[in-house]
Amino acid sequence: MSNPYPGQTPPPPYGYPVPPQPPKKNNVGKIIGIGCGGLIGLSLLLAACGAIIGGTDAVKKGAKEGAKAVSSVPAAPAVSAPAAAPQGSAPAASETSAPKPAAKQDVELTATPADFNASILAQGDDYTSVQVTVANNGDKEISVNILYFEVTAADGTRKTAELGAAGDQIDTVTLAKGEKVTGAVTVKGKITAKTVYFKNGLLGKSYSTSVK
């Protein structure tokens, strides 16, 4: 007997219950599984590519750092032999030049010990004389007077000159440029004269010299 329902299960004979139809297979799970597998494979492929690229960059970076380290090593300085001085060369000017002489002062003093030559105004012989020369090296005139002199003893005592005590007392004069005068400067008491001081006028500049 042919089946009047092709492709379907024939109905049961009359009076029997209809058997349940088998559930149709669902392809959604298969599609999801294939998709997940593809994503996993793609992830693995990308990871592999990243590892290869990272390794290449690391190799390049290491090569660059190695080259930089090699280039940063300082080269040994070249040692040059000292240049030989030419034979017969003259010494440097600083070695041969003589020191410049000190500039002369406007007033030049010299002093030497001298014997006391008493005048008629002297009271006894308790005096000390020094022979002094005053020279004018400046452009201005200078005034010389016995009252402008002082003498310092070896012990530091400073004494003023005695007016009229010595017969060869230094003159009271005005010196022009290039002129000079010499005479005795005398102080009271027996001392060892060490320094002579002269002032150009009462309010002028002071000068000094050692007795020698």
Side-chain angles (χ1 to χ4, degrees), residues 73-212:
V73 176
V79 179
S80 58
Q87 295 183 355
S89 60
S94 60
E95 298 177 358
T96 59
S97 59
K100 294 182 180 180
K104 287 186 177 181
Q105 292 184 337
D106 294 340
V107 176
E108 182 179 359
L109 293 179
T110 56
T112 56
D115 294 333
F116 171 59
N117 183 10
S119 71
I120 58 174
L121 299 177
Q123 299 177 359
D125 58 356
D126 188 20
Y127 295 92
T128 301
S129 290
V130 179
Q131 182 171 295
V132 178
T133 298
V134 182
N136 184 5
N137 297 325
D139 297 329
K140 298 181 180 180
E141 293 181 343
I142 60 175
S143 298
V144 180
N145 189 303
I146 189 62
L147 300 178
Y148 300 160
F149 289 90
E150 291 182 335
V151 178
T152 300
D155 60 0
T157 304
R158 193 160 181 167
K159 295 178 173 289
T160 57
E162 292 288 324
L163 177 62
D168 53 353
Q169 175 180 286
I170 195 168
D171 293 334
T172 299
V173 295
T174 299
L175 299 178
K177 180 179 180 180
E179 294 182 339
K180 64 182 178 180
V181 63
T182 300
V185 175
T186 304
V187 296
K188 183 70 174 176
K190 296 293 185 181
I191 65 170
T192 300
K194 181 178 181 181
T195 307
V196 173
Y197 295 89
F198 166 72
K199 180 181 290 187
N200 182 14
L202 291 175
L203 302 176
K205 183 178 179 180
S206 295
Y207 302 88
S208 64
T209 185
S210 300
V211 179
K212 51 188 176 181

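Since the structure is predicted, the reported quantities are computational estimates derived from the model, not experimental observations.
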(Q) How about NZ on K190, more than 12 heavy atoms from neighbouring residues, nucleotides or ligands closer than 6.0 Å, or not? (A) yes
**Q.** E162 side, atom CD; I146 side, atom CD1 - distance, nearest 0.5 Å
**A.** 9.5 Å
Q.
Please find the pair of heavy atoms, one from T174 and one from E141, that lie closest to each other, and give the distance.
A. CG2-OE1, 3.5 Å
Q: Could you tell me which non-hydrogen atom of V173 sits nearest to which non-hydrogen atom of L175, and how far apart they are?
A: CG2-CD2, 3.8 Å
Q: Give, for atom NZ of K199 and atom CG of L147, the distance between the pair rounded to the nearest 0.5 Å.
A: 12.0 Å
Q) Do V211 and K194 pass the side-chain contact (heavy atoms from CB on, under 4.5 Å) test, and can you show the C-alpha distance, the side-chain angles, and the key distance before you say yes or no? A) CA-CA 5 Å; V211 179; K194 181 178 181 181; 5.8 Å; no
Q) How long is the span from the CG atom in L109 to the OG1 atom in T133, to the nearest 0.5 Å? A) 9.0 Å
Q) Name the one of T186, V132, I191, T128 that satisfies side-chain contact (heavy atoms from CB on, under 4.5 Å) with V151? A) I191
Q: To the nearest 0.5 Å, tell me how far S208 OG sits from Q105 CD.
A: 7.5 Å
Q) Okay, side chain of N200, backbone of S143: is any donor-acceptor separation there less than 3.5 Å? A) yes
Q. Considering all heavy atoms of both residues, which atom of A165 and which atom of A122 are nearest to each other, and what is their separation?
A. O-CB, 3.5 Å
Q. Got a second to check how far D125's CG is from N117's CG, nearest 0.5 Å?
A. 12.0 Å
Q) Does K177 have any salt bridge (charged side-chain N to carboxylate O under 4.0 Å, His left out) partners at least two apart in sequence or in another chain, and if so, which? A) D139
Q) Sequence neighbours excluded, which residues qualify as ring-ring contact (aromatic ring centres under 6.0 Å, His included) partners of F116? A) Y127
Q. Which pair of heavy atoms, one from T209 and one from A111, lies closest together, and at what distance?
A. CG2-CB, 4.0 Å
**Q.** Check: G164 main-chain N/O paired with S119 side-chain donor or acceptor under 3.5 Å
**A.** yes
Q: Answer yes or no: are there more than 12 heavy-atom neighbours, outside K188 itself, under 6.0 Å from its atom NZ?
A: yes
Q) Mind checking whether F198 and F149 have parallel, tilted or perpendicular rings, split at 30° and 60°? A) tilted
Q) Where do Q131 and A114 come nearest, in terms of heavy atoms and distance? A) N-CB, 3.7 Å
Q | Nearest-0.5 Å distance, CD of residue E179 to CG of residue N137 | A | 12.0 Å
Q. Is there a side-chain contact (heavy atoms from CB on, under 4.5 Å) between Y197 and S206 once you walk through the steps?
A. CA-CA 7 Å; Y197 295 89; S206 295; 5.9 Å; no
Q: Check side chain to side chain contact (heavy atoms under 4.5 Å, CB included) between T157 and all other residues, then give those that pass, not counting sequence neighbours.
A: A153, D155, K159
Q. Which atom names give the shortest non-hydrogen contact between I170 and V134, and what distance separates them?
A. CD1-CG2, 4.2 Å
